[in-house]
Student: 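Take a look at the following structure, please.
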Amino acid sequence: MTAIPLGVPRRLVEFTLDGQEARVPEGATILDACRAAGKDIPTLCQGDTLTPKNACRVCVVEVEGARTLAPACSRKAEAGMEVRTDTERARHSRKVVLELLASSVNLSTTPRAAEWIKEYEAKPDRFGPDAARVDEEPRVDNDLYVRDYDKCILCYKCVDACGDQWQNTFAISVVGRGFDARIAVEHDAPLTDSACVYCGNCVEVCPTGALSFKSEFDMRAAGTWNEAEQTETTTVCAYCGVGCNLTLHVQDNEIVKVTSPHDNPVTHGNLCIKGRFGYQHVQNRD
């Protein structure tokens, strides 16, 4: 049985959230408080296993007395703070961010992006066909996962997961500046010629599908990918004695991808190449 440390008890912070009194443990973010209160704040770059990067700015809220809008994903709740999440200023900012992102990036596989664009009445088309786009074919240079820069919002979550926050492989980074900035491996080489160890932890944290499993990419291209029909079963990886949890995503009696629970105290959603991609033998019925 895995022992889960309880940690040091934290005192509660009291503040005002949309005119209502709110209490959260010290260190909790405004976004934590919003979710605890059942408020739907849009987020793209926020990840539950990574330090917030404040890259997309779509979760901004108003804090009384602050000159600028505050990112809810990283701003800690403070005692006496007055936060308003649904003001005209915050909604307008989210609308513009969604318009800019959706005009320059393919958000078709980003969870809930379509809902938020509709809710905030964002109009990405108003920037016209000349809006900056990568317009690049997906890079399929290996059998495990695909890079589609047309869907990348430069949130840097993959860089953090590959770097000092989890994997410590440092195979990918940001190259270029401004409109030329992009995620790449060394010398922009094929993945097979890079330092990548194919753990797939970058795929696990990607919020838009810019990094996707080859199996998912192929099924989407064939029109057979259907998450509504998929079942999920969590089990223990059998390759070694670490005890990593695997979540098997199954469609039509076939494993289509493997993830890991983010709240697992051993893996925190991270796996190695064998745990994430080494499932083909399970489906060998010969």
Student: Find the distance between CE (Met81) and CD (Glu64) and round it off to the nearest 0.5 Å.
Tutor: 11.5 Å

Student: Apart from Val185 itself, what residues make up its hydrophobic cluster when side-chain heavy atoms of I, L, V, M, F, W and Y under 4.5 Å apart count as a link, directly or indirectly?
Tutor: Val134, Leu144, Tyr145, Tyr149, Leu154, Tyr156, Val159, Ile172, Val174, Ile183, Leu191, Tyr198, Val203, Leu211, Phe213, Ile273, Phe277

Student: Strictly distance-based, threshold 3.5 Å: is any side-chain N or O of Asn284 a donor or acceptor partner for the main-chain N or O of His281?
Tutor: no

Student: Are any of the side-chain nitrogens in Glu115 or Lys118 under 4.0 Å away from the carboxylate oxygens of its partner?
Tutor: no

Student: Is it the case that the side chains of Thr87 and Glu62 hold a donor-acceptor pair, with the cut-off being a distance below 3.5 Å and no angle test?
Tutor: yes

Student: Do Ile41 and Val24 belong to the same hydrophobic cluster, where Ile, Leu, Val, Met, Phe, Trp and Tyr are linked whenever their side-chain heavy atoms lie under 4.5 Å apart, directly or via other members?
Tutor: no

Student: Do Asn245 and Thr234 have side-chain N/O donor and acceptor atoms under 3.5 Å apart?
Tutor: no

Student: Compute whether any side-chain donor of one residue and acceptor of the other, for Gln230 and Gln251, lie under 3.5 angstrom apart.
Tutor: yes

Student: Is any side-chain N of the basic residue among Asp148 and Arg139 closer than 4.0 Å to the acidic one's carboxylate O?
Tutor: no

Student: Show, in sequence, the C-alpha distance, side-chain angles and deciding distance for Asn142 and Thr192, and conclude whether the side-chain hydrogen bond (donor to acceptor under 3.5 Å, both in side chains) test is met.
Tutor: CA-CA 7 Å; Asn142 65 91; Thr192 48; over 6 Å; no

Student: Can you find a pair of side-chain heavy atoms, one from Asn201 and one from Gln165, that are under 4.5 Å apart?
Tutor: no

Student: Minimum heavy-atom separation for Pro207 to Pro111, with atom names?
Tutor: O-CD, 3.4 Å

Student: Salt bridge between Asp141 and Arg147, side-chain N to carboxylate O under 4.0 Å?
Tutor: yes

Student: Would Arg133 and Asn106 count as having a side-chain donor-acceptor pair, cut-off 3.5 Å?
Tutor: no

Student: When you group the ILVMFWY residues by side-chain heavy-atom contacts below 4.5 Å and let the links chain together, are Leu50 and Leu271 in the same group?
Tutor: no

Student: May I ask you to decide if Thr49's main-chain N or O and Trp166's side chain share a donor-acceptor pair within less than 3.5 Å?
Tutor: yes

Student: Tell me the closest heavy-atom pair linking Leu69 and Ala90, and the distance in Å.
Tutor: CD1-CA, 4.3 Å

Student: Contact between Trp225 and Glu216 at the side-chain level, heavy atoms closer than 4.5 Å - yes or no?
Tutor: yes

Student: Are a donor atom and an acceptor atom from the side chains of Asn270 and Thr267 found within less than 3.5 Å of each other?
Tutor: no

Student: Group every Ile, Leu, Val, Met, Phe, Trp and Tyr by side-chain heavy-atom contacts under 4.5 Å, then state whether Val256 and Leu248 land in the same group.
Tutor: no

Student: Is Gln20 atom CD crowded by more than 12 heavy atoms from other residues, nucleotides or ligands, each under 6.0 Å away?
Tutor: no

Student: Locate the shortest heavy-atom distance separating Glu186 from Ala195; write the atom from each residue and the value.
Tutor: OE2-N, 3.0 Å

Student: By salt bridge (charged side-chain N to carboxylate O under 4.0 Å, His left out), which residues pair with Glu26, not counting sequence neighbours?
Tutor: Arg11

Student: Using a 4.5 Å cut-off on heavy atoms from C-beta on, say whether the side chain of Val13 contacts that of Pro25.
Tutor: no

Student: Do Val61 and Arg94 come close enough that some side-chain heavy atom pair is under 4.5 Å?
Tutor: yes

Student: Closest heavy-atom contact between Val60 and Ser93?
Tutor: CG2-OG, 3.6 Å

Student: Will you find, in the side chains of Glu204 and His262, an N or O donor that is under 3.5 Å from an N or O acceptor?
Tutor: yes

Student: Out of curiosity, Asp160 CG to Gln167 CD, how far, rounded to the nearest 0.5 Å?
Tutor: 13.5 Å

Student: Taking the side chain as everything from C-beta on, heavy atoms only, tell me whether Thr110 gets closer than 4.5 Å to Leu44.
Tutor: yes

Student: Checking Thr29 side chain against Asp32 main chain: does a donor-acceptor pair fall under 3.5 Å?
Tutor: yes

Student: What I want to find out is whether Arg182 reaches Glu136 closely enough, with some N-O distance under 4.0 Å, to be called a salt bridge.
Tutor: yes

Student: Taking only residues two or more places apart in sequence, or in another chain, which ones meet Lys274 in a salt bridge (charged side-chain N to carboxylate O under 4.0 Å, His left out)?
Tutor: none

Student: Using modelled atom types only, decide if a donor and an acceptor are shared between the side chain of Lys157 and the backbone of Val205 within a distance under 3.5 Å.
Tutor: yes

Student: Starting from Val58, can I reach Leu31 by hopping between I/L/V/M/F/W/Y residues whose side chains sit under 4.5 Å apart?
Tutor: no

Student: So, taking the atom named NZ in Lys214 and the one named CE in Met219, what distance separates them when rounded to the nearest 0.5 Å?
Tutor: 12.5 Å

Student: Salt-bridged, Arg126 to Glu99, with N to O below 4.0 Å?
Tutor: yes

Student: Where do Arg112 and Asp40 come nearest, in terms of heavy atoms and distance?
Tutor: NH2-OD2, 2.8 Å

Student: Between Tyr120 and Val105, is there shared hydrophobic-cluster membership here, with clusters defined by ILVMFWY side-chain heavy atoms closer than 4.5 Å?
Tutor: yes

Student: For a quick test of reading the model, state the closest non-hydrogen atom pair linking Leu17 to Ala37 and the distance between them.
Tutor: CD2-CB, 4.2 Å

